[in-house]
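Written out below as structure tokens is the structure these notes cover.
Reminder, nothing fancy here: chain letters follow the sequence lines and each chain counts from 1. Atoms considered below: every heavy atom in the structure, side chains included; atoms not considered: hydrogens, waters and symmetry mates.
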Amino acid sequence: MISKLDSVLLPPKKFIFHYKNMRWARGRHETYLCFVVKRRVGPDSMTFDFGHLRNRSGCHVEMLFLRYLGVLCPGLFGGGAAGEKRLSYSITWFCSWSPCSNCSTRLAQLLSQTPNLRLRIFVSRLYFCDMEDSQEREGLRMLNKAGVNITVMSYKDYFYCWQTFVARRLSRFKAWDELNQNSVRLTRKLHHILQPSETEDFRDAFKLLGL
DNA sequence: ATTTTCAAT
């Protein structure tokens with residue numbers, strides 16, 4: 001089964017290299033996605049599967065994940081029989097880069113058509129989000145509006161990933177220099193991206209005031 | 001001060 005094949009644990013060095021949230025992440029020409037799938041039954045949810053994926057040439061890792069969605073979440077789209085009740089799932093994933101605009105669009109579309117699926121995304125770094133008017137920023141806003149909780153990874157998230165997805169043996173997660181500063185900086189940046197309307201409001205207010 | 005980015009060679 002695909003999900004089992006790919007649930008092999010990540011080598012520690014690979015995890016650190018790709019998830020390091022440094023300002024200039026030179027040479028990270030790959031993206032990793034660590035995921036946990038939970039089945040929701042009433043108020044309870046149970047871990048159903050977990051693992052990680054890496055992008056393949058020509059296929060961003062998010063789209064690769066969508067290919068496996070049906071396998072990872074049996075019954076998500078119903079069992080085939082008409083009127084059969086669809087099962088509910090919650091997916092949390094931790095991505096080394098935030099999604100590009102195309103992936104965000106596709107994900108938002110899927111989620112709007114699949115109300116029995118919840119998605120929570122943690123990202124280590126923001127992908128092409130420097131320009132105020134970048135498509136990637138717009139994509140993140142779309143995802144947010146589609147109900148996806150997007151969060152910049154902090155120490156506790158790296159710690160959790162290390163415990164869950166990494167072949168760590170007995171070694172404890174060791175934070176790199178400036179992990180916290182970078183996380184705080186990126187969190188602020190993400191907040192700014194997701195709340196542009198406030199800036200617009202300010203602009204309108206300034207305009208009204210003749211400033 | 002400046003540096004990167006799900007590559008392209």
Please give, in whole Å, the distance from [N] [atom2] to [X] [atom1]?
| X | N | atom1 | atom2 | answer |
| --- | --- | --- | --- | --- |
| Leu186(A) | dT4(B) | CG | P | 17 Å |
| Trp97(A) | dT5(B) | CH2 | C1' | 4 Å |
| Arg56(A) | dA7(B) | CZ | C1' | 16 Å |
| Leu107(A) | dC6(B) | CG | C1' | 13 Å |
| Asp130(A) | dT3(B) | CG | P | 11 Å |

**OP:** Using a cut-off of strictly less than 4.0 Å, decide whether His29(A) has a side-chain nitrogen or oxygen near OP1 or OP2 of dT5(B).
**Re:** yes
Original post:
Reckon Tyr127(A) has a side-chain N or O less than 4.0 Å from the OP1 or OP2 of dC6(B)?
Top reply: yes
**OP:** Pick base, sugar-phosphate or nothing for Ser98(A), based on heavy-atom distances below 4.0 Å to the nucleic acid.
**Re:** base
**OP:** Answer with base, sugar-phosphate or nothing: what part of the nucleic acid does Glu62(A) contact at a heavy-atom distance below 4.0 Å?
**Re:** base
If you measure from the [atom1] atom in [N] to the same atom in [M], how many Å do you get, rounded?
| N | M | atom1 | result |
| --- | --- | --- | --- |
| dA8(B) | dT4(B) | C1' | 16 Å |
| dC6(B) | dT2(B) | P | 23 Å |
| dT5(B) | dT9(B) | P | 14 Å |

Original post:
Can Phe128(A) be called stacked on dT5(B) when the rule is centres closer than 5.5 Å and an angle between planes below 30°?
Top reply: yes
Subject >> Ring-on-base stacking dT4(B) with Trp24(A) (under 5.5 Å, under 30°) >> reply: no
Original post:
Are Arg28(A) and Phe17(A) in a cation-pi setup, meaning NZ or CZ lies under 6.0 angstrom from the ring centre and within 45 degrees of the ring axis?
Top reply: yes
Subject >> Parallel, tilted or perpendicular: ring planes of Tyr158(A) versus Phe173(A), cut at 30 and 60 degrees >> reply: parallel
Original post:
Within the distance-only criterion (no hydrogens, no angle test), does the side chain of Ser183(A) pair as donor or acceptor with the backbone N or O of Met153(A) below 3.5 angstrom?
Top reply: yes
**OP:** Decide yes or no on ring-ring contact (aromatic ring centres under 6.0 Å, His included) for Trp93(A) and Phe35(A), but give the supporting numbers first.
**Re:** CA-CA 4 Å; Trp93(A) 80 41; Phe35(A) 63 88; 8.7 Å; no
